[in-house]
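Below: the structure, in structure tokens.
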Amino acid sequence: MWDFNLNLVNVPFDIGYTLDSGQAFRWLYQGGSWYGVVGRGVLKVRQEGFTLFCSSSSEELDARFIHSYFRLNDDFEAILSSIPKDETMNDAFQRFRGLRLIRQEVWECLLSFVISTNTNIPRIKGMVSNLCEKFGERVSFDGLEYRLFPTAERLAGASVQELAACGLGYRAKFVRDISWTVDSGSVNLDELRLQDYPKAREILLERVLEKKTFLGIGRKVADCVLLFSCDKDEAFPIDVWIARALARYYPRLFNEEVVARLNSKLSGRSSLSAKTYDEISETARAYFGRYAGYAQQYLFYYARKGTG
DNA sequence: AACCAGGTGAGGA
DNA sequence: TCCTCACATGGT
């Protein structure tokens with residue numbers, strides 16, 4: 001076990017808001033500390049004011065890793081000052097100051113958000129947990145057993161039935177298909193980090209001979225992967241909560257027809273067409289700026305936590 | 001008991 | 001390109 005502390009003076013960071021904001025699904029808050037399985041080990045983090053008290057199961061999970069994972073070197077003030085301080089953003093920044101985007105591993109993020117479609121956050125956590133429990137490698141930390149996130153190789157060897165038994169439902173075949181694709185080596189996920197946003201997005205949404213490279217990844221999931229694991233801070237994922245928030249707080253950015261579409265998404269089973277998604281996404285990017293993804297994450301948490 | 005959930009793919013107009 | 005619908009399941 002490795003113990004170390006990080007000093008966060010002049011580094012706005014709130015681990016609670018950050019880990020509770022629906023970006024990552026494997027962190028658990030218990031007895032005043034956050035426990036997470038990241039990379040090939042376990043991390044325990046407790047924040048007290050400007051200090052982060054950390055324990056980890058392996059020496060790879062050191063202070064440098066923490067800085068990278070929680071993006072503590074990002075210029076937070078520069079990011080905030082680039083985002084328009086309208087009434088909504090002002091309120092959100094004030095209430096949830098310290099909420100940050102985190103930098104996850106691409107494979108885990110990608111598979112987690114494929115699993116995230118058409119369900120709720122508690123259940124996403126459950127499904128991911130089941131998947132890790134069944135297919136992840138064991139690690140022990142502080143007297144307890146944990147499981148690593150399963151590799152593509154391991155999942156590629158699983159049957160759809162075994163995957164479905166984790167509660168994945170219809171998502172099981174997507175998980176297997178993507179695991180096959182990644183395990184085959186025909187795509188390199190780390191390449192996504194090297195490309196710019198449009199190109200990386202194109203790769204995720206690519207079709208070869210009418211068949212998708214990544215079955216189960218549409219615009220919203222692609223944006224989540226690019227934002228939460230590939231440093232594409234202009235990505236602006238639009239889910240039901242964001243649609244709801246845009247219709248409620250930002251109708252002025254859109255014409256009547258688009259507002260109607262946003263409203264129809266938040267009631268009933270309808271989803272945004274590809275074209276409408278792109279249109280709204282572009283508008284949001286133009287308004288919120290090159291760190292639109294940060295604004296999106298505040299808006300998401302703001303919408304979920306209520307405005308009162 | 002319906003309804004909802006960090007949507008997407010398939011199929012047809 | 002667009003719209004409509006099925007999809008599995010558990011939380012509320």
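Convention: sequence-line order gives letters A, B, ...; per-chain numbering from 1.
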Spacing of the C1' atoms in B:dA1 and C:dG11 (rounded, Å): 13 Å
A:Arg26 side chain to A:Gly36 backbone, donor-acceptor under 3.5 Å: no
Stretch residues 276-289 of chain A: residues that reach within less than 4.0 Å of DNA chain B through a heavy atom: none
A:Tyr294 versus A:Asp233, side-chain donor and acceptor atoms under 3.5 Å: no
Interatomic distance, A:Lys220 NZ vs B:dA5 P [rounded to whole Å]: 12 Å
Whether A:Phe236 and A:Phe288 hold their rings parallel, tilted or perpendicular, with breakpoints at 30° and 60°: parallel
Rounded distance in Å - CD1 (A:Ile115) to P (C:dC7): 20 Å
A:Arg147 with A:Glu133: basic N within carboxylate O range, under 4.0 Å: yes
Donor-acceptor contact present, side-chain A:Glu162 to main-chain A:Ser159, <3.5 Å: yes
Check: A:Asn5/A:Thr51 side-chain N/O donor and acceptor closer than 3.5 Å: no
Nucleotide of B:dG6, C:dC3, C:dA8 approaching A:Arg261 most closely (side-chain heavy atoms): C:dC3
Just the table, please: protein N/O against nucleotides 9-13 of chain B N/O, every pair under 3.5 Å.
unit_1 : atom_1 : unit_2   : atom_2 : d
B:dG9  : OP1    : A:Lys212 : NZ     : 3.1
B:dG9  : OP1    : A:Gly216 : N      : 2.9
B:dG9  : OP1    : A:Ile217 : N      : 3.4
B:dG9  : OP2    : A:Lys212 : NZ     : 3.4

Determine all donor-acceptor pairs shorter than 3.5 Å in which one atom belongs to a side chain in residues 105-115 of chain A; sequence neighbours excluded.
unit_1   : atom_1 : unit_2   : atom_2 : d
A:Glu105 : OE2    : A:Gly39  : N      : 3.1
A:Trp107 : NE1    : A:Pro150 : O      : 2.9
A:Ser112 : OG     : A:Glu108 : O      : 2.7

Non-neighbouring partners of A:Lys211 that pass salt bridge (charged side-chain N to carboxylate O under 4.0 Å, His left out), sequence neighbours left out: A:Asp177
Touch class at under 4.0 angstrom, heavy-atom based, for A:Lys125 against every strand present: nothing
A:Arg304 vs B:dG6: side-chain N/O to OP1/OP2 distance below 4.0 Å: yes
A:Lys232 side-chain N/O to A:Asp223 backbone N/O, donor-acceptor pair under 3.5 Å: no
Aromatic stack A:Phe113/B:dG6: centroid gap under 5.5 Å, interplanar angle under 30°: no
Of the listed nucleotides C:dT1, B:dG7, C:dC3, the one nearest the side chain of A:Lys275: C:dT1
A:Phe228 CZ - B:dG6 C1' separation (whole Å): 8 Å
Criterion ring-ring contact (aromatic ring centres under 6.0 Å, His included) on A:Tyr250 and A:Tyr287, from CA distance to verdict: CA-CA 10 Å; A:Tyr250 295 97; A:Tyr287 176 73; 5.8 Å; yes
For atom OH of A:Tyr170 and atom P of B:dG7, their distance in whole Å: 9 Å
Value in whole Å for how far the C1' atom of B:dG6 lies from CD1 of A:Ile124: 6 Å
Nucleotide of B:dG6, C:dC3, B:dG7 approaching A:Thr117 most closely (side-chain heavy atoms): B:dG7
Ion pair check, A:Arg97 and A:Asp14, cut-off under 4.0 Å: no
Can you name the atoms? Protein N/O to nucleotides 10-12 of chain C N/O, anything below 3.5 Å, with the distance.
unit_1 : atom_1 : unit_2   : atom_2 : d
C:dG10 : N2     : A:Asn120 : ND2    : 3.4

Sugar-phosphate, base or nothing in reach of A:Arg219, heavy atoms under 4.0 Å: sugar-phosphate
Listed nucleotide nearest any side-chain atom of A:Asn118, set C:dC3, B:dT8, B:dA5: B:dA5
Distance between P atoms of B:dC3 and C:dC5 (Å, rounded): 16 Å
Nucleotide B:dA5, atom C1' - distance to CH2 of A:Trp241 in whole Å: 9 Å
Side chain of A:Ser116 - closest among C:dA8, C:dT1, B:dG6: B:dG6
With A:Tyr29 via ring pair (Phe, Tyr, Trp, His ring centres under 6.0 Å) - residues at least two apart: A:Trp34
Closest listed nucleotide, where the reference is the side chain of A:Val221 and the choices are B:dA5, C:dC2, B:dT8: B:dT8
Centroid-centroid distance, A:Tyr69 to A:Phe65, less than 6.0 Å: yes
For atom CG of A:Leu111 and atom P of B:dG7, their distance in whole Å: 16 Å
For atom CG of A:Leu110 and atom P of B:dT8, their distance in whole Å: 12 Å
C:dA8 versus B:dG11 - spacing of their P atoms, nearest Å: 14 Å
